[in-house]
2 protein chains.
Amino acid sequence: MDVAAHLAARAAEVEAALDRLLPPGETSPPQLHQAMRYSLEAGGKRLRPALVLDACACAGGDPDTALPTACALECIHTYSLIHDDLPCMDDDDLRRGRPSCHKQFDEATALLAGDALLTLAFGLVAGNLGEDGVTAGQVVRVTAEVAEAAGTPGMVGGQMLDLLGEGQPPTAELVEAIHLRKTTALLRAAVRCGAILGGAGDAEFEALSAYGRNLGLAFQIVDDILDIVGDEAALGKPVGSDVGLAKATWPAVHGLDESRRYAHALIAEAQRSLDGFGAEAEPLRALAAFVEERQS
Amino acid sequence: MDVAAHLAARAAEVEAALDRLLPPGETSPPQLHQAMRYSLEAGGKRLRPALVLDACACAGGDPDTALPTACALECIHTYSLIHDDLPCMDDDDLRRGRPSCHKQFDEATALLAGDALLTLAFGLVAGNLGEDGVTAGQVVRVTAEVAEAAGTPGMVGGQMLDLLGEGQPPTAELVEAIHLRKTTALLRAAVRCGAILGGAGDAEFEALSAYGRNLGLAFQIVDDILDIVGDEAALGKPVGSDVGLAKATWPAVHGLDESRRYAHALIAEAQRSLDGFGAEAEPLRALAAFVEERQS
């Protein structure tokens, strides 16, 4: 299957749904709603919402009925980027080639836009009850999944560990803890939420959950590899160990070759989790291959 | 009824539940969990959780079954204080006589502690499904209420309006919009969430909702009045109009006497909303009287 075309189609569905579900940019207070849309519209691959929709379909559900939750996951991802870019955190002026939210607006607006997107995400999940065949029990399970993955056991805790570890040579244990919480948790939750909304049985749910965990960890390791390879390409020489060692990345503690090997093993394991499924798992299989092979 | 004793008893219940439901301070990453607890333990009247519990009882429910949602409302209130105190917002070094979260820890930790408390709040609401007799349908309604009250139609939108209006003489319309969103929305939501969990019928729900709206707006107007009276007591002379006019407060646009009169009228209206209830509404009646008469 053409995974690029599939991802583009999913992204278009999600972007149309976001436009429908977000407060219009001109409503009061306009600056806040504009900042939310500015960051959401910056794009990206929309991988998390695609995982929600494809996991829902894989479990036998109609992916359209999971669109509000797919949008919620993208809102949470976007909020985390806005807050991570703030001066008191990573202090990044650019995000996806455009001024980051606090540079385009100001720090207060960026802080509030992040808070608003996180809050809206749970409103979108609650609103998923209005979709055909979705039960309140499913929505409560999804709410719990999202809160755990975005909270201190997941994303927020991972960002705190990352900040606390800055400037020290990272250990393998710390890098794994950061990656599992900061990135893997939300990608895994995207798959689990889709599985719940698609009506997965216990065995299907566990298989999809394992897929999400291994895909999510591989995604971050590949990200680490691309960062280094990209830096090397830009510099025209291998990145010095002083740069590599200061950051909590997989290659910094395991080297590039071992990182590539492990990412490949994780993707193979993710593919094996899908063995019990048929053609309905094709998009998830293609996404796993894409995560390993992507170049950006 | 002795409202001070009642509020103290409710606060003790909520604080015990928070201690049970929050990640322990020593778990990884400790600094984040300590910051969350530091700000939550700073105290305050615990008015929002008390309203959840008393509205639940008023609607005929067992207030113990609403404790996770009561804690969620306190987490949201606390997160909003942490973020409002940050340098890019109100830049306050003190909160309730102690260093604010970013002074006690640092800005990044305070930002993440706020994010974590907001996220945890929705996890607590989802966890309310485990309580006796609570249905998934009730939990989804509560989730939607909290997301709306805390989001851009409510708290976050109100804070944005407040920041945008700074330095300009406020209009009556702007002050009302800020108060309704920044403070009233969450107090009203507390009452509505309690009513939902208590199993309120439509008429009861509307009556309690009106009570929450009028109580919430009165609360903020009294807060504005106490700020001015407190400043005058500290200065030993009336506060100059230059100070009063720069802030979006009720007395700044309506004067002190009219503000007192309107707060009294709102509380009387809130009391009238409870006319259809019997003894089960006594705590809510006492809380309304407390909101008008409080001196701090």
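Below, chains carry the letters A, B, ... as their sequence lines are ordered, and counting in each starts from 1. Since we're looking at a predicted model, the values are computed, not measured.
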**Study point:** Heavy-atom pair with the smallest gap, counting every atom of A:Pro29 and B:Gly157
**Key:** CG-O, 3.7 Å
Check your understanding: Which answer fits A:Leu86, side chain, backbone, both or neither, if we ask what part of it has an atom under 4.5 Å from a heavy atom of chain B?
Key -> side chain
Review point. Heavy-atom distance under 4.5 Å to chain A: side chain of B:Leu117, backbone, both or neither?
Key: neither
Point to revise | Heavy-atom pairs under 4.5 Å with chain A, option from B:Val139, B:Leu129, B:Leu111, B:Leu120 with the top count | key: B:Leu111
Practice item. Grab the two heavy atoms, one from B:Ala108 and one from A:Cys88, that are nearest each other, plus how far apart they are. Key: CB-O, 3.3 Å
Study note, to complete from the structure: Heavy atoms of B:Val140 and A:Ala136 approach each other most closely as CG2-O, 3.8 Å
Practice item. Identify which part of B:Met155 has an atom lying under 4.5 Å from any heavy atom of chain A, answering side chain, backbone, both or neither. Key: neither
Revision key, fill the gap. Turns out that what part of B:Leu163 lies under 4.5 Å from chain A's heavy atoms comes down to side chain
Show the pairs of one donor and one acceptor atom, one from chain B and one from chain A, lying under 3.5 Å apart.
from: B:Ser28; atom 1: O; to: A:Arg181; atom 2: NH2; distance (Å): 3.1
from: B:Ser28; atom 1: OG; to: A:Arg181; atom 2: NH1; distance (Å): 3.3
from: B:His33; atom 1: NE2; to: A:Thr152; atom 2: OG1; distance (Å): 3.0
from: B:His83; atom 1: ND1; to: A:Asp115; atom 2: OD1; distance (Å): 3.1
from: B:His83; atom 1: ND1; to: A:Asp115; atom 2: OD2; distance (Å): 2.8
from: B:Asp115; atom 1: OD1; to: A:His83; atom 2: ND1; distance (Å): 3.1
from: B:Asp115; atom 1: OD2; to: A:His83; atom 2: ND1; distance (Å): 2.8
from: B:Thr152; atom 1: OG1; to: A:His33; atom 2: NE2; distance (Å): 3.0
from: B:Arg181; atom 1: NH1; to: A:Ser28; atom 2: OG; distance (Å): 3.3
from: B:Arg181; atom 1: NH2; to: A:Ser28; atom 2: O; distance (Å): 3.1

Review point. For B:Ala177, what residues pass the side chain to side chain contact (heavy atoms under 4.5 Å, CB included) criterion, not counting sequence neighbours?
Key: B:Leu161
